[in-house]
Structures are given as structure tokens and as C-alpha cells.
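Reviewing the structure listed below.
Letters A, B, ... mirror the listed sequences (proteins, then strands); counts begin at 1.
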Amino acid sequence: MYQITGLNPEQEEACSYTEGPLLILAGAGSGKTRVITHRIAYLIEGKGVNPRNILAITFTNKAAEEMRERVDRMLTDGAKEIWVKTFHSMCVRILRRFYEKLGGKNNFNIYDTDDQKAIIKETLKHLGLDEKQYPIRGMISSISKAKEEFLSPEEYARNEAGSYRGRNVADIYAEYEKRLQKNNALDFDDLINKTIRLFMEHPDVLSIYQERFRYIMVDEYQDTNHAQFVLVKLLAAKYRNLCVVGDDDQSIYKFRGANIYNILNFEDEYPDAKVTRLEQNYRSTANILNAANAVIANNTGRKEKTLWTENEEGEKLSYTLYPNDREEARGIVTNLRMLRRKGLCNSDLAVLYRTNAQSRVIEEQLVREGVPYQMVGGTNFYARKEIRDMVGYLKCISNPADDQSLARIINVPRRGIGDSTVVKMREYADAHDMSLYDVVVEAKNLPDIGRSAGKVSAFAEMMQGFRRKAEENDLHGLYQEILQKTGYRSGLLAENTEEARGRVENLDELGNKIADFELNHEDATLLTLLEEISLVADTDNEDETGDRLTLMTLHSAKGLEFPVVFMVGMEERLFPSGMAIDSDDPDAVEEERRLCYVGITRAEKKLFLSAARQRMLNGNYIYPGESRFIKEIPKYLLEKKGAGHRDEYEEGSGSTIRREPVEDEWRGTTFRPKKAEPEKKGIEDLFRNGSVGNVQSMSRGFQPDYQVGDQVRHIKFGKGVVTELIKGGNDYEVAVNFEFCGEKRMFASLAKLRKV
DNA sequence: GAACCCATCATTTTT
DNA sequence: TGATGGGTTC
């Protein structure tokens, strides 16, 4: 019989209460992950539950991996049968198997935010709407909200019919949906929603999963949105062994749809729910914890919790007001040096800030002072252009209906298939209810694409070859073949610039990742590879190598802990953010406060808080004044430091904007991150290497076959009349008054006007 | 097609 | 300040 050992009574109860709904309110640093893994072990070894009847849902892949690892270590065998998944990967797995029941094809592609952007952009153009009035990001979030509430475009349109804008947004949503469907693609929200629809419309399928997942656990429950709430509810409806773990005080993702009421109202949804509070903190000193408690106590409508600890009181929190942001950054280095003399490593420390923009000043100082650091949450490897291009090929090969991906790569690297050809083919595809790919394959029979037809056919041949290769299920081989046959890699190498070499490195890195994937996954197929690429944000592997200071936003810090934490920029309108302060939603500032609570509770031994009297923000100097959160920390817990606290600086408080820059003692030596500057070719250079003669076709001169007054046709602008023709060095500048687009001026050699 | 110039705009982020 | 996108110029 499995013995639960080494847990406190509340933790033990959370582990052993296995039947029926259970809400575990797990305060920061209360040993939550430990409880979850012990609970799983207890289910299996204590209660004899079959591992395949257990489902553990997390939010991030990182959390899923960590849990999987810990469960593996704890159990002798059978752990593999447990589903430890993110919401999205779970849904993909289900949909790959059953999506056909909803009339879809199971080789659907998954669209990320960049794909969404591209679709919306085209949609706006298609509907003739202005990007300024219907900003893409806003549209994506409106659509996401609609989906979360299960509103179809038709329902959305009905709800919004009252306003002109609403009707337009509804049109955008409808068109967006149409395009996703045509491309056989699902966005992240769809993954959840379609699974729900599948369950609702096919009770037999739901029943399969209900029977399988008799014990369900959801981590970070405060981060779930409404759709995820419904999904969990469906899955748990039969056996009702649902255990959710979370902390309403750490709900910081409202802006991306998290609904704090899922956790706050859990007991209303499940009246027989047992509630366990984990309030003993094992992470932080008493002083740090008390500061956190004091701050969060200012929020209303929370689940009352008071964290306590048996840990020592520890040092007071240090709070320094610096004259400006650069001094604040220098202060970090000074403190870091002091701490290192005491024996701490760089990797024991983390600097947390509210906005990414704050990192720059800090980085500059760290580079200047030679402090090694790592930034968490950098750009996603898969977001790089060259990687997206390659993934575009893979997506097309896997799902030829994906016009979006095909359009992306059809002329990359350039192979003489211009925009107008693509437009024509897309129009033809739309008119004949075909996919772009089908049209490409049939290109030779297409009227009206003229000289491009050969190029398109050659491209089609190549793609068909890739698809045949894909059938061998040799992913790395396929990838190499794409690199080679498209000439993508060799093209970059030929550029012979630093930047291109970087891209080649990335391409090779992708090759390694694919080879790795094949080695480590028994079910390595093109579909599962693409799934991994779409669902696993590979943010510049926080490599553990080297002793480096960590820099990140407060948001990314959630779930982590460090012996020493610096919270910088404790200034009103920066933290809490101005947007939150100005918001008419009173919860906005409360969410910022939760974020502050999250930040404070990351620290184990020592917390440094700091603010700057003057800060460069968006190119202006601002004088923000001290954050309200500082004022919410009891004085006796704070040790104030720094000249900035003296009253003589008082006149600068408030949020005055001044243009006058401060004296910059380092001006001239200011560090600038190296950027691959494009080589500036001056006239001298041109002469020196004698390339003047090759300056393309222009040197040969260009002779238009039309003159002022002639009717001409432009590939994009349509018909027009030539109003002016001016001879320049080797070319003519031509002005045309177009029927639909008004007057345009352009260079004759490039305009490619045809006389009509 | 690419190098430039100008205007505009600025939380937080995972899947 | 800086990144980005659109338009202009060659």
C-alpha cells in the first residue's frame, strides 16, 4: 500500500481525497506540484487506479513536461499510460482521431497568431475595410472572445447588428472562418471548441473519453477560459472525480481570456466539492511573505487565504528610489556584486519587470559591466522567417488545402511566380471551388497565366516529389530534400552576409530538431511533427549552461522561484500600468496587484524593490512617482535606500512629461547591441569594384512603346491614360491616371505597362 | 526588387 | 527611443 509521507496535513488531505470534486487552493510556494505528483502516485499505487484512467491537464508544455518527469520518477511503472497534456495537445490528439465525424479532415493544420494575422489582413483587404479602424490584433482578440463563448459568426452578427462597426467585425469573423475552413486549418480556440462540439454532437465519442479519464486533474485552474471550463465539465460529468488546483491570487492572464470565476465559483458549479487550502509556504522568508500578504489583502472578492511560514524572518525588503532608470540598472549590478561576495551565483538572481521595454537599459548596463545574463521569453525559434518558410513547405505537403501556407512559399525562394500570377490562380481557385494547390498542379491548362505557367508547373512537380517523399515517413530526409531542391539554403549561403549565415544556422538547427524529434518519438510523423511545432513555443531554450543572471517579465516569472529577486520599475503607471489605472474595469488594477503578488512571492531569501524618479518611456522622460504597491507594503518590512528618497527630489513627482534630456555621463560610449548593418554602398564603392556597369538592365536603357495620351493597362491598377512621360538617365518616369486608382507615378522599366 | 524615408505607435503571452 | 509598415525612388 502506498504511503503518503513527508506532507503536511493539508497536503496529505489534498492527495488522499480522490473521489468527487475537489478544489485545491494552493498558495504561492505551498508545494503544489508535489501534491499533484503525490496524488497521482497515491491514485495508482494506493488506490489501484489504472494509470490509463488518469488525465492531468496543464497550461504550458513546460509544466506538462515537468509533471511527467516527476510522475515518472515516483512510479515504478505504468506512468506512460497517464495522459499528461496541455489543453491544446489533448484536443489535437482527440481531433486527429475523430475530426472526420464533424465533417473535417484529420490532417488539419494548426494556425498560430502569425497565420491568423495573415488571414485577417487578407480578409480586411477583401472586405475593403481599413486596418486602422479594425486593427488586426483587436480583430483576433474579438474573434477569440466570440469563439470562447461559442458564438458562431451568424450569432455574433445577430448580437452586433445594432452597430455599423459590429456588423463589420461580424463580417470579418465570418470571412475568417470561411478561410480557415477552406484551408482545412484550426486556430487555437478551434482546437478546444471543435472538441467540445465533437463531444456534444457525438455522445458516443464523449463517452469513450469519460470512461477513459475517470480521474481528472487540472493545474493552474485560475487560468482557464470559459471554453476550457466547459470541456473539463464535459469530460468529468460522468465520474465527477475532478480535482482542480489553482490560486485566484495568481490569476494574471485575463487579457488572454482567463476567467477567474472558474475558480471562484467552483463550489457553485460543484456544490459537493471539497475545498482544501494549502497555506503553508515553504519558499520565502516571513518578511517577504508578509509583504506579499499585505499587498494582496487590498484586493476584493478573493478567496481569503493567509500564507504563513515556519521559515526565518529574514532580511527586510530593500527599496531604493533611484534618480533615473540607468542608475536603477547600475544599482542591480552593484547589488549583484555585493551578493556574489557573499557567495551567491548569478543564477540565483532574477530581475523582474512589468514591460519588455524595460529590459534594454538593464541589458546595456549588464553588457557594460560584463555580467552574463539570459532573457526568458525571447523570440520563438519557430517565428523566424526562414523557419516559418520551411514549416510552410511542411504544412503544404501535409495539408495541400492550406492555401495560406502555399501562398507563403510559392515564390520563396524566388522562382519567377509573381504576385499577379498567384492572384490569378487564387481567383481561379475560388471561382472553381478548388484549392490553390489543385490549380498549381493544373497550371498548364490554365488560360491567362501565360509565361508563368512553366514555372508554376515546375514548382508543382517539385511539390509532388516532396509529397511522395513524405510517404516514406523519413522526416529528416524530407527536410533535407526540401532544403536542397528549393535551393533555399544554398541561396542564403550565396548571399554571403552575416545575417544570411545566421539564417542558415537556424535552418540547420531546425534540421537537428527534426532529427531529434524522430529519435525521441515513436509516433514521429509529419502530422505529429507539425503539431509539436505549432503547439510548443520554443522560446530560445533557456539553457542552463553558464552562471547567468535571469531577466524576464513578471508574467513569465510565474511558477518560478529564485533566492534573490529584483523587482524594478515600481512606479505608478508603469506598475500598475497606466492602462490598468485608466481602465473602467476595477479589476484591472487588481490584476496588476496579483501580478505584484506573484512577483514578490518568487523570492526566497531577499527581495530588492526599486523605482526610478525619472524614466525614459517611448522616447520621453517621465516622472512617474512611486507605485501604490510600495505604499501597500508595511513600512517596518522595508529598508529604504538611495538618495532619491530625499525630499529635495519631491518636485519631480507626478507624471509630468519633459523633453529636456538629462546629462548623460556615458554619452559616446553608450552600448548599442550589434546589428547586422546593411552594407552601405557609396558611389565610391561602386566605382572601386567596378560594378557600375552591371547595374542591371537599366544601363541598357528602356524605351516605352507608349506616349502621353495612350491608353495603357497595369497589372495591378488596371486601365489608365498616360498623362506624363519624363526622360531620366536610363529610364522614363511615367504618370498614369488610372480609371479606378487615380494618378500614379512610376518608373517605366518597372511599371510594365501594356498599351491597349 | 530593394534601399530609403516618413509617419505612427507603443502592456502582459501561451497555446 | 525603437520597431514597423507603407510609400517613394531608383
Side-chain angles (χ1 to χ4, degrees), chain A residues 57-64 85-92 110-113 116 121 131-132 135-137 141 144 186-192 220 223 225 227-228 252-258 325 352-358 360-361 364 376-380 382 411 414 418-419 531-539 552-559 569 573-583 588 591-592 594-595 598-599 615-621 661 670 672-673 675 678-681 695-699 702 728-733 744-750:
Chain A
I57 309 177
T58 64
F59 257 84
T60 64
N61 293 288
K62 203 175 151 200
K85 293 198 155 282
T86 65
F87 271 104
H88 298 269
S89 66
M90 170 177 83
C91 289
V92 171
I110 301 164
Y111 276 6
D112 63 21
T113 317
Q116 289 182 296
K121 200 161 192 168
E131 226 179 274
K132 288 262 152 51
I136 296 181
R137 289 176 60 127
S141 103
S144 180
L186 301 182
D187 64 23
F188 290 129
D189 295 306
D190 286 337
L191 296 178
I192 313 284
E220 304 282 13
D223 288 340
N225 65 24
Q228 289 159 342
I252 55 173
Y253 284 119
K254 183 173 185 183
F255 68 91
R256 68 178 203 215
D325 46 359
L352 310 183
Y353 36 79
R354 177 67 242 264
T355 68
N356 285 309
Q358 288 167 258
R360 175 165 266 107
V361 210
E364 284 176 8
V376 174
T379 19
N380 183 349
Y382 296 115
N411 199 30
R414 246 169 258 131
D419 285 352
E531 176 185 325
E532 169 108 352
I533 289 174
S534 304
L535 295 185
V536 181
D538 184 0
T539 38
M552 65 185 141
T553 64
L554 285 153
H555 281 92
S556 346
K558 199 174 90 168
R573 303 207 128 254
L574 188 63
F575 190 34
S577 74
M579 279 199 180
I581 291 172
D582 298 337
S583 165
E591 177 136 327
E592 298 279 308
R594 292 192 285 269
L595 190 55
V598 166
R615 176 178 301 276
M616 170 69 85
L617 188 73
N618 300 343
N620 285 323
Y621 286 98
T670 304
R672 292 253 176 275
K675 244 178 258 168
E679 280 178 77
K680 291 209 177 85
K681 275 225 173 93
V695 181
Q696 294 172 7
S697 57
M698 268 198 253
S699 56
F702 179 87
N730 288 315
D731 200 352
Y732 284 81
E733 192 182 349
K744 303 264 178 205
R745 306 185 77 83
M746 50 206 119
F747 280 87
S749 67
L750 300 164

Rounded interatomic separation in angstrom, taking [atom1] from [X] and [atom2] from [N]:
X: A/Arg414; N: B/dG1; atom1: CZ; atom2: C1'; value: 6 Å
X: A/Gln116; N: B/dT15; atom1: CD; atom2: C1'; value: 10 Å
X: A/Arg615; N: C/dG2; atom1: CZ; atom2: P; value: 15 Å
X: A/Leu535; N: B/dT13; atom1: CG; atom2: C1'; value: 15 Å
X: A/Leu186; N: B/dT15; atom1: CG; atom2: P; value: 18 Å
X: A/Asn380; N: B/dT13; atom1: CG; atom2: P; value: 13 Å
X: A/Asp187; N: B/dT15; atom1: CG; atom2: C1'; value: 11 Å
X: A/Glu131; N: C/dG5; atom1: CD; atom2: P; value: 9 Å

Just the table, please: protein N/O against nucleotides 6-12 of chain B N/O, every pair under 3.5 Å.
| unit_1 | atom_1 | unit_2 | atom_2 | d |
| --- | --- | --- | --- | --- |
| B/dA10 | N6 | A/Asn618 | O | 3.4 |
| B/dT12 | OP1 | A/Asn356 | N | 3.0 |
| B/dT12 | OP1 | A/Asn356 | ND2 | 3.3 |
| B/dT12 | O4' | A/Arg354 | NH2 | 2.9 |
| B/dT12 | O2 | A/Arg354 | NH2 | 2.7 |

Rounded distance in Å between the C1' positions of C/dA3 and B/dT14: 23 Å
Nearest-neighbour nucleotide for the A/Met616 side chain, C/dT1, B/dT15, C/dA3 considered: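 That would be C/dT1.
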Side-chain donor or acceptor of A/Glu591 paired with backbone N/O of A/Lys254 under 3.5 Å: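 Such a contact is found between A/Glu591 side chain and A/Lys254 backbone.
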A/His88 side chain to A/Leu191 backbone, donor-acceptor under 3.5 Å: no
Side chain to side chain donor-acceptor pair (under 3.5 Å) involving A/Ser583 - partner list, sequence neighbours excluded: none
A/Asn61 vs B/dT15: side-chain N/O to OP1/OP2 distance below 4.0 Å: yes
Donor-acceptor pair present, A/Thr86 side chain and B/dT14 base, under 3.5 Å: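 Donor-acceptor pair under 3.5 Å: no.
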Candidates A/Thr355, A/Asn356, A/Val361 - the one meeting side chain to side chain contact (heavy atoms under 4.5 Å, CB included) with A/Gln358: A/Thr355
B/dT12 glycosidic torsion: syn (within 90° of 0) vs anti: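 Because its glycosidic torsion lies more than 90° from 0, B/dT12 adopts the anti conformation.
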Distance (rounded to the nearest 0.5 Å) between A/Phe59 CZ and A/Gln228 CD: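 Answer rounded to 0.5 Å: 4.0 Å.
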Interatomic distance, A/Ile192 atom CD1 to A/Met90 atom CE [nearest 0.5 angstrom]: 6.5 Å
Sugar-phosphate, base or nothing in reach of A/Lys121, heavy atoms under 4.0 Å: sugar-phosphate
pair A/Met579-A/Arg573: side-chain heavy atoms closer than 4.5 Å: no
